[in-house]
Amino acid sequence: SKKAKTAISEDIMYNYLMQFDYLPKSDLETGALRTEDQLKEAIRSLQSFGNITVTGEIDSATARLIQKPRCGVGDRRSADSFSPDNLYHEIGSNVRVRR
Amino acid sequence: FALQGPKWSRTDLTWSMVNRSMPDASKVERMVQTALDVWANHSKLTFREVYSDQADIQILFARRAHGDGYKFDGPGQVLAHAFYPGEGRGGDAHFDADETWNFDGESDDSHGTNFLNVALHELGHSLGLAHSAIPDAVMFPWYQNNEVAGNLPDDDRYGIQQLYGTKEKTWGPYKPQTTTTTTTTTTMRAMIYRADKPAYWPWNNPSNNPNNDRNRARERQEEERRRQEKERRRQEEERRHQEEERRRQVEERQRQEEERWRQEQERQEEENRRRKIEHKSQWERNPSKERNRPRERQEMERRRQEQERQEQERQEQEDRRRERERDRQLEWERRNRNGAREPVTPTANTTPRPTNKPYPTVHRQHHHHNKPRKPKPDSCMTYYDAISIIRGELFIFRGPYLWRIGTSGLYNGYPTEIRRHWSALPENLTKVDAVYENKQRQIVFFIGREYYVFNSVMLAPGFPKPLASLGLPPTLTHIDASFVWGHNNRTYMTSGTLYWRIDDYTGQVELDYPRDMSIWSGVGYNIDAAFQYLDGKTYFFKNLGYWEFNDDRMKVAHARAKLSARRWMQCARSANEVDDEQR
């Protein structure tokens, strides 16, 4: 586990998590720092989605997973996903306004 | 399965391949068609290939940064991406050209990444499906080289059918009469293929499964259709060639005709000259007699004029012929150079008239001297081309006009022409795209492909400069907005779906840009303007509305755009207009 952790730096992990929507993409711009818990939670989500053992750690299976070839589209339905119309759909249609 | 917001409103979709000249283009086309057929066979969707940049789904092979803010990373890792349904690039699928692709549909990965599988996945995005966490699903994000064979795993099938419905059974001429038969058919179908059964289930064996026969028959039909289409195109091409040849022969015949006529003319001319000499010698022999014959002299004069006229006509015809010959030669050279085979439009038999009109002047100041001025826009009902704080005051730009708003509100006499403040801007200025005040307190204007830097109201030496000198792509036609972001005090520029950050020290675009505008969540694409107000917050503008941006949450502070006129132009509220808060 330690070996894998050194092979995959936290930087690479952060970038991967941001690139595929496990952490907000906007962190790329803001340079926002995430807490340890936020990082672990994001790794858990990734492991769950990737169908590997959920540990919240950058273990060897996680290291292998993030090196696998894949599609460039993010894995979660987030506000900053690919569709130009998405924002309007997400924001426009589900907002409930108190009278 | 997961669905991603929008879906296509139609079920008859078109697709087109952008890199039609790439070496394996025909294989790619076939694979894409196969992948689309898989989605079509399990839904109401139909797909038609067109050769147009207006097709719903554009298939593109590209390397690294390719203009959409999602750059590829060379061989390995990210193989492709696609956009969910929508206008513009919505539905498009992009593949990393740096990958080693296997276009032969072989399941062996040693020959490269199986393109068919990746295409099937990406086209799923193009149709509105998001990633699925089911490992066997086509929409699982990590590449897996599964056998496609025309079938879709249940997860993907449910997904596509939820979006576009199930395929209606199309009966041939012998539609069954009663429901009994239909029930039987349904039962038969249930017996034929059971996805939940293991591979040894007899009907799941490809050699036993009649569905596969049907698929093969369909493939054969499709193949036949393509062959016929190809044959039709070949015949069309042949016909064009024949037409071209026929036209060439007609022209050749005309040319020979003209040549014959010209020779005839020359012969007559020679004859006349001979007669003239003969006549002269007669006259010299007997001048008195000749002098007494004015009618004959007139006749000679008339003949001479006639000859001159004929000579002139002949010369003109010769000129026209040469002109046509030259045009034909140029056209032939053009076609050979482009390798195009389109029919050649016959050139007009006209010789360009000489003209004393000069070339269009490049001095834009002289273009629109007499152009009527644009009317001043309505302050309370207009969108903004640009907005910025300059020297602590708010400037709003629209068309060739600007408003100036200070601490005591809108200045009198505004809107006024922008050039009354910055006279070095082009005389024919119709609008500015973006404006901001940089850290050196210079005022920067973006107009089309150029930008102007002013020290107060004086144009800085060396300006205007092209946008490309900032490191922006040379193909960029304009900037939508430029602003300094309060969060990090960096300078940003936006255009369409992309944005860039400028390094204040080098004055150049930073690495890792452009990025997609979606990071500015809730703002959308193709904004009109943006700026940082005195309160330190950033505001984005589009049409008649604006959004305040929440830097901490990286999204708009209010989903619904507010009316710009009320806040920035201090326009009165109309009688039945209600504040969002009150609503």
Side-chain angles (χ1 to χ4, degrees), chain A residues 8 12 15-16 18-34 44-52 54 61-99, chain B residues 2-6 70 72-73 76-90 94 96 99 113 118 121-122 125 128 130-131 133-135 139-143 485 487-488 497 501 512 515-526 551-556 559-560 580 583:
Chain A
I8 300 295
I12 293 175
N15 283 337
Y16 193 92
M18 280 189 286
Q19 188 177 357
F20 298 110
D21 293 346
Y22 294 95
L23 285 175
K25 257 201 183 92
S26 52
D27 285 5
L28 279 172
E29 201 56 62
T30 59
L33 297 174
R34 295 281 155 190
R44 271 192 214 104
S45 300
L46 170 70
Q47 290 165 333
S48 167
F49 212 98
N51 209 35
I52 59 174
V54 177
T62 312
R64 274 200 302 278
L65 181 72
I66 71 169
Q67 285 165 344
K68 278 177 77 172
R70 59 161 292 156
C71 169
V73 178
D75 294 339
R76 289 170 149 204
R77 298 174 62 191
S78 67
D80 36 349
S81 65
F82 269 47
S83 168
D85 300 325
N86 183 37
L87 301 166
Y88 301 109
H89 280 269
E90 288 214 341
I91 295 165
S93 58
N94 299 322
V95 174
R96 296 181 64 187
V97 181
R98 193 174 58 179
R99 283 174 186 271
Chain B
L3 310 177
Q4 179 68 43
Y70 299 95
F72 283 130
D73 53 2
Q77 189 80 340
V78 172
L79 305 172
H81 58 232
F83 296 87
Y84 293 112
E87 290 297 310
R89 67 186 184 182
H94 298 172
D96 189 349
E99 301 297 334
T113 309
V118 179
H121 174 101
E122 297 307 330
H125 289 310
H131 281 155
I134 305 292
M139 295 314 292
F140 190 62
W142 287 274
Y143 169 73
W485 189 27
H487 178 79
N488 57 8
T497 60
R501 193 163 84 180
D512 284 350
R515 289 180 181 164
D516 194 278
M517 276 292 287
S518 59
I519 284 182
W520 308 95
S521 185
V523 169
Y525 295 135
N526 301 304
D551 296 342
D552 297 328
R553 298 181 64 201
M554 275 306 281
K555 64 192 291 186
V556 288
R560 198 184 297 271
D580 275 351
R583 185 185 292 116

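Because the structure is a prediction, the values reported are computed rather than measured. Sequence lines set the chain letters: A, B, ... in the order given, protein chains first and strands last, and positions in each chain run from 1.
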Under 4.5 Å from any heavy atom of chain A, what part of Glu122(B) do you find: side chain, backbone, both or neither? side chain
Is any side-chain heavy atom of Lys25(A) less than 4.5 Å from a side-chain heavy atom of Asp516(B)? no
Would a 4.5 Å heavy-atom cut-off, applied to side chains only, mark Phe49(A) and His131(B) as touching? yes
For residues Glu29(A) and Ile519(B), report the shortest heavy-atom separation together with the two atoms involved. CB-CG2, 4.1 Å
Any side-chain heavy-atom pair from Glu99(B) and Pro69(A) closer than 4.5 angstrom? no
Need one label for Phe140(B): side chain, backbone, both or neither, based on atoms under 4.5 Å from any heavy atom in chain A. side chain
Quick one: does Trp142(B)'s side chain have a donor or acceptor within less than 3.5 Å of a partner on Leu65(A)'s backbone? yes
Side-chain donor/acceptor of Gln77(B) to backbone N/O of Gly72(A), under 3.5 Å: no
Could you tell me which of Gly31(A), Ser48(A), Gly50(A) has the largest number of non-hydrogen atom pairs under 4.5 Å with chain B? Gly50(A)
Can you measure from CZ (Arg515(B)) to CG (Leu28(A)) and round to the nearest 0.5 angstrom? 5.0 Å
Could you tell me the separation between the CG atom of Leu79(B) and the NZ atom of Lys68(A), rounded to the nearest 0.5 Å? 11.5 Å
Could you state the interatomic distance from SG (Cys71(A)) to CE (Met139(B)), rounded to the nearest 0.5 Å? 7.0 Å
Please name the pair of heavy atoms, one in Asn51(A) and one in Pro135(B), separated by the smallest distance, quoted to 0.1 Å. ND2-CG, 2.8 Å
